[in-house]
Amino acid sequence: ETLMRDPEIQAAVLKAVETERIDKKKVMMRAYRYLTEIVANYTYRFIEVMSVMLMWLFERVFEGIVWRQNEVQLVRETMKTKPIVFISCHRSHLDYLVVPYVLYMEDMVTPHIASGINLNFWPVGPFLKMGGAFFIRRSFRGNAIYGLCLRKYIEYLLKNRYNIKFFIEGTRSRSGKMLPPTFGLLKMVLDSYR
């Protein structure tokens with residue numbers, strides 16, 4: 001609702017009303033639907049429950065997870081004054097679980113995680129949203145309002161010092177090899193920072 005009052009979103013709505021010649025309420029509802037589709041529903045209680053489940057899973061899948069305390073301390077000190085953007089590669093579905101798990105185990109806030117819209121199906125989507133996932137369409141070229149809503153949401157997260165995690169390839173590797181980077185989300189983060 002805060003984002004719906006943003007001057008840039010309001011200007012984009014008015015521009016769409018003029019170019020498409022439709023009612024302003026319809027365009028406002030479209031923008032509201034986009035934001036509802038995108039935003040996370042981060043719930044700390046759900047994070048606590050997931051940590052128990054992940055501990056059980058990781059004990060069975062891995063021999064152990066190792067992290068360096070000096071690096072964790074650096075992350076902790078940085079989080080005191082500014083948000084952190086975690087950018088990693090995406091070779092499996094465990095990639096988006098390990099970093100939040102380590103942060104939780106070290107008593108730090110877990111990040112909001114960019115996820116593909118293909119994971120927003122019932123019952124998985126609502127659970128992922130409670131864990132901090134925000135959903136992004138694979139392609140939204142030509143949809144100025146959707147792109148603006150996504151950019152404003154990322155800007156909102158960073159301004160309010162929420163941590164973000166996304167994958168530089170933009171999608172999960174099917175072969176286990178690194179994919180070429182995509183720069184859309186990185187550009188939005190850098191634009192928000194500027």
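Keep in mind that the numbers below use all heavy atoms, side chains included, and drop hydrogens, waters and symmetry copies.
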Query raised in the report: Taking the side chain as C-beta and beyond, is there a heavy-atom pair between Trp67 and Val75 under 4.5 Å?
Result: no
Report summary line: Thr110 and Leu103 have their tightest heavy-atom pair at CA-CD1, 4.4 Å
Query raised in the report: Hey, any chance Ile154 and Ile87 share a hydrophobic cluster, counting ILVMFWY side chains that come within less than 4.5 Å of each other, even indirectly?
Result: yes
Query raised in the report: Are any non-hydrogen side-chain atoms of Val109 and Ile47 less than 4.5 angstrom apart?
Result: no
**Report entry** Ile145 to Ala31 - nearest heavy-atom pair and separation
**Finding:** CG2-CB, 3.8 Å
Requested in this report: Flag the pair Leu186 / Phe166 as yes when at least one side-chain heavy-atom distance between them is below 4.5 Å, and no otherwise.
Outcome: yes
Requested in this report: Nearest 0.5 Å please: distance from the NZ atom of Lys80 over to the CE atom of Met108.
Outcome: 11.0 Å
Query raised in the report: Which value, rounded to the nearest 0.5 Å, describes the distance between Tyr153 atom OH and Tyr162 atom OH?
Result: 8.0 Å
Got a list of side-chain donor-acceptor pairs under 3.5 Å for residues 115-131, not counting sequence neighbours?
unit_1: Asn118; atom_1: OD1; unit_2: Arg138; atom_2: NH2; d: 3.1
unit_1: Lys129; atom_1: NZ; unit_2: Thr36; atom_2: O; d: 2.8
unit_1: Lys129; atom_1: NZ; unit_2: Glu37; atom_2: O; d: 3.2
unit_1: Lys129; atom_1: NZ; unit_2: Val39; atom_2: O; d: 2.8

Query raised in the report: Any chain of hydrophobic side-chain contacts (each under 4.5 Å) joining Val61 to Trp56?
Result: yes
Requested in this report: For residues Phe58 and Val98, determine if any side-chain heavy atom of one lies less than 4.5 Å from a side-chain heavy atom of the other.
Outcome: yes
Query - Between CD1 on residue Ile9 and CG on residue Leu14, distance to nearest 0.5 Å - result: 12.0 Å
Requested in this report: Give me the ring orientation class for Phe134 and His112: parallel if the planes are under 30° apart, tilted from 30 to 60°, perpendicular past 60°.
Outcome: tilted
Requested in this report: Report yes if some heavy atom in the side chain of Gln10 is under 4.5 Å from a heavy atom in the side chain of Met28; otherwise report no.
Outcome: yes
Query - Heavy atoms of other groups near Tyr193 OH, more than 12 under 6.0 Å - result: no
Query raised in the report: Could you give the distance from NZ (Lys152) to CG (Leu35), rounded to the nearest 0.5 Å?
Result: 11.5 Å
Query raised in the report: Quick one: are Pro111 and Ile164 in side-chain contact, heavy atoms under 4.5 Å?
Result: no
**Report entry** Heavy-atom closest contact (Lys165 atom, Ser88 atom, distance)
**Finding:** NZ-OG, 2.8 Å
**Report entry** Where Gly132 and Tyr42 come nearest, the two heavy atoms and their spacing
**Finding:** CA-CD1, 3.7 Å
**Report entry** Student check: side-chain heavy atoms of Tyr101 and Met55 closer than 4.5 Å
**Finding:** yes
Query raised in the report: What residues, two or more places apart in sequence or in another chain, satisfy side-chain contact (heavy atoms from CB on, under 4.5 Å) together with Glu20?
Result: Ala16, Ile22, Arg30
Report task. Could you tell me which residues satisfy side-chain hydrogen bond (donor to acceptor under 3.5 Å, both in side chains) with Gln69, sequence neighbours excluded, listed by chain and number? Result -> Glu106
Requested in this report: Check whether any side-chain heavy atom of Lys187 sits under 4.5 Å from a side-chain heavy atom of Asp191, and report yes or no.
Outcome: yes
Query - N-O pairing of Arg45 and Glu48 below 4.0 Å - result: yes
Query - Distance-minimising heavy-atom pair for Thr43 and Asn41 - result: OG1-O, 2.9 Å
Query raised in the report: Nearest 0.5 Å, what's the CG-CE distance between Asp23 and Met29?
Result: 11.5 Å
**Report entry** Tyr156-Asp6 side chain donor-acceptor pair, cut-off 3.5 Å
**Finding:** no
Query raised in the report: When hydrophobic residues are tied together by side-chain contacts of less than 4.5 Å, even through go-betweens, does Val66 share a cluster with Met105?
Result: no
Requested in this report: Check whether more than 12 heavy atoms from other residues, nucleotides or ligands sit under 6.0 Å from atom CZ of Arg68, and answer yes or no.
Outcome: no
Query raised in the report: Roughly how far apart are Asn143 CG and Arg137 CZ, rounded to 0.5 Å?
Result: 6.5 Å
